[in-house]
Structure formats: structure tokens, C-alpha cells
Amino acid sequence: MSEQSHTVRCVNDNSWQSTLQDLGRPLLETTFVVIDLETTGAGPHIGAAITEIGAVKVKAGKTLGEFETFINPGHPIPDYIQELTGINDSMVHQAPSISTVLPSLFEFLGSHQETVLVAQNAPFDLAFLKHYARVHDFPWPAFTVLDTAIIARKVLTRDEVPNCKLGTLAAFFGTQTTPNHRALDDARATVDVLHGLIERLGSFDIYTLEELHNFGKKVKKPKSGK
């Protein structure tokens, strides 16, 4: 794998316009980038590093592009991580460094005024991305961030799902891709979970980002029949 081995697949979309309006930004008209990382451990604070990045850009239910790459973590991958993800040292040996990939990733993410960043258990992924942006002197854009796990806890009951892990949510919403601890597949599964959650949010009269951010401060009862 060469230094420029990461893959970006984009679909042209000339319909982007400013969606920040006084009445709020409709969820169905928002550009989301769903991102997932595979890493060598629980966090950069303990010396763990990124081994793989996967991201999917979507708007109005349509996939606009995908980003995927291995990352050379700069140290051996622990055995238990290799067993969990199937990613081994030979797979990342010639992969690009995170400092090489970050400019391409930021280009894919786009403007923070346009893009809303989405992740399952977002603090985990953001901790790594912000850490390496800081280490390599890349300013971190002020992205609006949505966490599918947090949204799921607000709109799904324990009778529907016993927990809000990605595998559980994927099974509940019947995602086309099964999560498997590989970054792009997990991002694709999270996209389907996001779409399922947005549909469920409608039963709580939540249709804009602003309403979603305020959701939970005063929980509404869902409409009858939902």
C-alpha cells in the first residue's frame, strides 16, 4: 500500500446551498458525514493510534461519496485488536500516516457550515481526530456533531432495544451492511441507523437540527400510532 493509497469516491452534487435559516436547518436537507475509526486502543491519551478511517457523506437519503483508508499507527497492533478488527500489522505497514491523510479527510468532510458530523459513540472518534489535528497543527473545524447512540437513547425504548450499541441498532433498523469492526462497513451501517433515527424523530415532531439539539430538555410524547 503506497503513501497515497486511501480511496475517495465522490458523486457530484451541485445542489448545495446555505441551509442555515431562521426557521432551522431541516434534517432531510442536511449534509451528513458519518465517520468511523478503527484504532489500536481506547484513546490517544494512552498512546493508541488510528488504523483505519471510513466515512460516508449523505444528503436526503442519497450517498454523495465515501472515504476509506488504512493508517499506519506507528506501532504494532495488539493481538486482541487484530482479532477484533481483522486488521494486522502487514495490512497497515505501507499505509499512509495520519498526518498525510488529514488534509484529504478534511477536504472530504467539507465546510463545517455545510456538513454535520455523525458517529456512533462520537466522543471516541472525535478524541482521536482532534488529537491528531492538534498534534499536526491542523485547525479543527467547528463541526456540529450528532451521536447516534445518544439519539437512540432518546427515541427508542428498552422494550425495542436492550442497549444502544451499533450492532443492536443495526439489527433493529435492518441495516444493509452488518457492523464488523471495519471502518467503512461500520460507517455504512451507521448511515442506515441515522436514517432510521431521523424517521423515528418525526414521531416526536423533531424535523430540524435545532429541534434535535433541544430534544431531551423537555421530552415530548410521541404521536399516537408510533
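It should be emphasised that the depicted structure is a prediction, and the values quoted were computed from it without experimental measurement. Computed over heavy atoms, backbone and side chain alike; hydrogens, waters and symmetry mates excluded. For reference, positions follow the sequence shown, starting with 1.
A donor-acceptor pair is defined here as one N or O able to donate and one able to accept, closer than 3.5 Å; no such pair exists between the side chain of T100 and the backbone of P96. Remark: side-chain polar atoms of K59 are not paired, donor with acceptor, to backbone N or O of L64 under 3.5 angstrom. Between the E114 side chain and the S111 main chain, no donor and acceptor come within less than 3.5 Å of each other. T115 places a side-chain N or O within 3.5 Å of a backbone atom of L109 that can act as its donor or acceptor partner. Under a 3.5 Å cut-off, the side chain of T168 and the backbone N or O of C164 do not form any donor-acceptor pair. Listed for the R188 side chain is no donor-acceptor partner under 3.5 Å among the backbone atoms of T177. With hydrogens and angles disregarded, no donor-acceptor distance shorter than 3.5 Å links the side chain of N88 to the backbone of Q82. The backbone N or O of G65 lies less than 3.5 Å from no partner atom in the side chain of T63, so there is not a single donor-acceptor pair. D137 places no side-chain N or O within 3.5 Å of a backbone atom of A133 that could act as its donor or acceptor partner. No donor-acceptor pair under 3.5 Å is formed between the side chain of D185 and the backbone N or O of N180.
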Decide side-chain contact (heavy atoms from CB on, under 4.5 Å) for L201 and L212; before the verdict, give the C-alpha distance in whole Å, the side-chain angles of both, and the deciding distance to 0.1 Å.
CA-CA 8 Å; L201 283 165; L212 179 53; 3.9 Å; yes
Give the C-alpha distance, both sets of side-chain angles, the deciding distance and a yes or no for side-chain contact (heavy atoms from CB on, under 4.5 Å) between H75 and T40.
CA-CA 9 Å; H75 60 249; T40 62; 3.0 Å; yes
Verify side-chain contact (heavy atoms from CB on, under 4.5 Å) between T85 and T51, making sure each step is shown before the conclusion.
CA-CA 10 Å; T85 66; T51 59; 5.7 Å; no
I98 and V135: side-chain contact (heavy atoms from CB on, under 4.5 Å), yes or no, with the steps?
CA-CA 10 Å; I98 186 62; V135 167; over 6 Å; no
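Across all non-hydrogen atoms, the minimal contact from V118 to F32 is CG2-CD2, 3.6 Å. The two residues A119 and D125 come nearest to each other via the heavy atoms CB-OD2, 3.7 Å. Counting all heavy atoms, side chain and backbone alike, P103 lies closest to S99 at CD-O, 3.4 Å. Among all heavy-atom pairs drawn from E52 and A183, the shortest one is OE1-N, 3.1 Å. In this structure, A48 and A42 approach most closely via the heavy-atom pair CB-N, 4.1 Å. Nearest heavy-atom pair, Y207 versus G202, reported as atom, atom and distance to 0.1 Å: OH-O, 3.1 Å.
For the atom pair CG of L209 and NE2 of H213, the computed distance is 5.0 Å after rounding to the nearest 0.5 Å. Rounded to the nearest 0.5 angstrom, F215 CZ and D205 CG are separated by 10.0 Å. Annotation: the span from D147 atom CG to Q120 atom CD amounts to 6.5 Å, rounded to 0.5 Å. Between L197 atom CG and L27 atom CG the span is 11.0 Å, to the nearest 0.5 Å. Atom-to-atom distance recorded for R153:CZ and T148:OG1 is 9.5 Å, nearest 0.5 angstrom. Going from atom CD1 of I151 over to atom CG of L169 covers 10.5 Å, rounded to the nearest 0.5 Å.
Partners of Y132 according to the ring pair (Phe, Tyr, Trp, His ring centres under 6.0 Å) rule, which considers only residues two or more places apart in sequence or in another chain, do not exist here.
N72 places none of its side-chain heavy atoms less than 4.5 Å from the side chain of S97. Contact of the I35 side chain with the T190 side chain is not registered, since no non-hydrogen atoms from C-beta on lie closer than 4.5 Å. Side-chain atoms of P73 and I50, non-hydrogen and from C-beta on, never get closer than 4.5 Å to each other. I206 is not listed as a side-chain neighbour of I198, based on a closest heavy-atom distance of 4.5 Å or more. In this structure, T175 and V193 have side chains that are in contact, with non-hydrogen atoms separated by less than 4.5 Å.
Between R200 and E160 there is a salt bridge, since at least one side-chain N of the basic residue sits less than 4.0 Å from a carboxylate O of the acidic one. One finds no salt bridge joining E38 and R182 here, because no Lys/Arg side-chain nitrogen approaches an Asp/Glu carboxylate oxygen to under 4.0 Å.
Counting only N and O atoms by type, the side chains of T157 and D159 include no donor and acceptor under 3.5 Å apart. T144 and H112 share no donor-acceptor pair across their side chains, judged by distance under 3.5 Å alone.
Hydrophobic clustering, with ILVMFWY side chains joined whenever heavy atoms are under 4.5 angstrom apart, groups L28 together with F173. Tracing side-chain contacts under 4.5 Å through hydrophobic residues (I, L, V, M, F, W, Y), one reaches V145 starting from F67; they form part of the same cluster. Grouping the Ile, Leu, Val, Met, Phe, Trp and Tyr side chains by contacts below 4.5 angstrom, directly or via other members, places I46 apart from I71.
Judged by a 6.0 Å distance limit and a 45° cone about the ring axis, K57 is positioned over the six-membered ring of F108.
Within a 6.0 Å sphere centred on CD of E107, other residues, nucleotides and ligands contribute 12 heavy atoms or fewer.
Annotation: ring pair (Phe, Tyr, Trp, His ring centres under 6.0 Å) contacts involving residues 141-166, sequence neighbours excluded, comprise W140-F143.
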